[in-house]
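Start at 1 with the first residue, then count along the sequence.
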Amino acid sequence: MQVEEARRRLVDGLGAGPEPPSPESARQAIAQLAHPGTLGPLARRLAVGDLELAECVRLSYRHVLGFDKLVLLSGAPRFMLRVHFWHGTAGAVSEDIHNHRCAIASAVVRGRVRMECYEPAADGVPAVAYRETIDGPGGAWQLRRVGDARLRLLHTEQYGAGRSYGLAARTLHRVESVEPTVTLFLETAPQRSMTDVYVRSRGRVTDRGPVRPAGDVSAVRGERAHPPPKTPLPPAVYLAELDSLARSLGY
């Protein structure tokens with residue numbers, strides 16, 4: 001029943017009309033679902049392993065940016081609900097500046113994330129722009145270099161447990177966590193067929209240390225001479241992480 005209730009809340013919150021949901025409606029939906037009294041029973045029910053296990057595991061994998069991405073509910077094309085387990089590993093690759101194909105929302109369940117938002121600007125810091133496409137649901141990333149660009153930092157925000165945010169599809173941002181963190185993440189209906197990815201240029205130093213060279217294509221979202229496949233998590237790992245999440249929420 002927790003699963004059907006979660007689906008109903010998402011459908012009611014995001015709407016079923018032709019217009020894409022707003023970032024605020026996505027944020028409100030995810031904030032409700034991230035409440036321990038809602039997410040705990042949902043994680044416990046899914047950890048039993050008899051509900052849509054094959055499809056959810058197929059789309060769940062260890063992300064190149066240092067977190068485990070576990071799909072909880074696949075309601076494509078209207079929504080996809082997933083949980084991110086950030087391990088806070090020292091030296092983990094940080095996200096590049098990017099946007100999304102759809103409005104997204106995220107809620108911090110445990111731990112803390114830091115988000116930076118950017119915009120193109122002639123007086124911004126140098127970067128290299130790429131266009132990213134994906135070979136179908138769960139497919140490999142494909143990156144095409146667009147050229148040089150400049151970006152300006154608009155603002156930085158810290159989000160701790162209980163806080164949430166929503167972003168429009170084209171909002172440029174990057175998120176990182178330097179400690180073990182769990183976030184609930186919501187994708188909504190696609191509005192675009194590609195995303196924009198920016199890698200800051202060689203030699204720039206930030207308050208977190210030197211940024212990797214823009215010319216180092218291997219650094220961009222896992223793109224290498226032979227891009228690594230998105231290897232699904234073993235079912236046992238998927239279920240163990242859901243079990244751990246449910247236990248941490250008291251279920």
Side-chain angles (χ1 to χ4, degrees), residues 3 6 30 33-34 39 42-43 45-96 98-102 104-111 113 130 132-143 173-188 190 193-195 197 199 217-246 248:
V3 174
I30 202 74
L33 291 176
L39 182 58
L42 176 62
R45 183 67 186 93
L46 293 172
V48 173
D50 60 352
L51 296 172
E52 301 182 6
L53 179 62
E55 177 66 6
C56 289
V57 170
R58 184 182 71 83
L59 297 173
S60 302
Y61 56 91
R62 172 66 57 85
H63 201 286
V64 296
L65 298 179
F67 57 84
D68 287 355
K69 167 186 167 181
L70 275 68
V71 173
L72 302 184
L73 298 175
S74 178
R78 296 299 299 172
F79 66 83
M80 182 178 291
L81 180 69
R82 62 194 200 223
V83 64
H84 293 173
F85 287 83
W86 302 76
H87 299 288
T89 306
V93 178
S94 297
E95 283 192 345
D96 290 305
H98 64 284
N99 52 28
H100 288 270
R101 296 167 183 78
C102 59
I104 61 99
S106 183
V108 180
V109 179
R110 185 174 65 244
V113 299
Y130 295 82
E132 176 195 89
T133 57
I134 295 180
D135 293 337
W141 285 303
Q142 301 294 328
L143 286 161
H173 65 284
R174 65 183 295 272
V175 178
E176 65 177 3
S177 177
V178 295
E179 62 186 77
T181 296
V182 178
T183 57
L184 193 63
F185 189 92
L186 177 64
E187 292 183 8
T188 63
S193 61
M194 60 187 178
T195 58
V197 178
V199 182
V217 181
S218 66
V220 185
R221 292 199 170 207
E223 182 189 60
R224 297 170 174 81
H226 301 286
K230 295 179 180 179
T231 305
L233 290 172
V237 173
Y238 175 92
L239 294 175
E241 291 200 324
L242 285 183
D243 178 73
S244 175
L245 174 59
S248 73

**Message:** Under the rule for ring-ring contact (aromatic ring centres under 6.0 Å, His included), what residues qualify as partners of Phe67, not counting sequence neighbours?
**Reply:**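 Partners of Phe67 under the ring-ring contact (aromatic ring centres under 6.0 Å, His included) test: His63, His84, Trp86.
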**Atom pair CE (Met80) and SG (Cys102), whose distance is rounded to the nearest 0.5 Å** = 9.5 Å
**Prompt:** To the nearest 0.5 Å, what is the distance between OG1 (Thr181) and CD (Glu176)?
**Reply:** 10.5 Å
Please find the pair of heavy atoms, one from [X] and one from [Y], that lie closest to each other, and give the distance.
X: Val83; Y: Leu72; result: CG1-CD2, 4.0 Å
X: Leu242; Y: Ala43; result: O-CB, 4.0 Å
X: Pro232; Y: Tyr61; result: CA-CB, 4.3 Å
X: Arg45; Y: Val3; result: CG-CG2, 3.9 Å

**salt bridge (charged side-chain N to carboxylate O under 4.0 Å, His left out) partners for Glu187, two or more places apart** =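 Per chain and number, Glu187 pairs via salt bridge (charged side-chain N to carboxylate O under 4.0 Å, His left out) with Arg82.
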**Message:** Contact between Val197 and Glu132 at the side-chain level, heavy atoms closer than 4.5 Å - yes or no?
**Reply:**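 Yes, at least one pair of side-chain atoms sits under 4.5 Å.
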**Request:** Report the C-alpha separation of Ile30 and Phe185 in whole Å, then their side-chain angles, then the decisive distance to 0.1 Å, and conclude whether the side-chain contact (heavy atoms from CB on, under 4.5 Å) test is met.
**Result:** CA-CA 7 Å; Ile30 202 74; Phe185 189 92; 5.9 Å; no
State whether the side chain of [X] and the backbone N or O of [Y] hold a donor-acceptor pair below 3.5 Å, judged by distance alone.
X: His98; Y: His173; answer: yes
X: Ser60; Y: Val71; answer: yes
X: Tyr130; Y: Val199; answer: no

**Prompt:** Going by the salt bridge (charged side-chain N to carboxylate O under 4.0 Å, His left out) test, which pairs reach into residues 237-246, not counting sequence neighbours?
**Reply:** Arg44-Asp243, Asp243-Arg247
**Request:** Show your working on side-chain contact (heavy atoms from CB on, under 4.5 Å) between Leu39 and Leu184 and close with a plain yes or no.
**Result:** CA-CA 9 Å; Leu39 182 58; Leu184 193 63; 4.1 Å; yes
**Request:** Give the intermediate values and the outcome of salt bridge (charged side-chain N to carboxylate O under 4.0 Å, His left out) for residues Glu179 and Arg110.
**Result:** CA-CA 10 Å; Glu179 62 186 77; Arg110 185 174 65 244; over 6 Å; no
**Request:** Determine whether the side chains of Ser74 and Glu55 contain a donor N or O and an acceptor N or O closer than 3.5 Å.
**Result:**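 On atom types as modelled, these side chains do not qualify, holding no pair under 3.5 Å.
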**Asked** Hey, mind stepping through Leu81 and Leu42 against side-chain contact (heavy atoms from CB on, under 4.5 Å) and telling me if it holds?
**Response** CA-CA 12 Å; Leu81 180 69; Leu42 176 62; 4.3 Å; yes
**Request:** Apply the test side-chain contact (heavy atoms from CB on, under 4.5 Å) to residues Leu53 and Tyr238: give CA-CA distance (whole Å), side-chain angles for both, the deciding distance (0.1 Å), then the verdict.
**Result:** CA-CA 9 Å; Leu53 179 62; Tyr238 175 92; 3.8 Å; yes
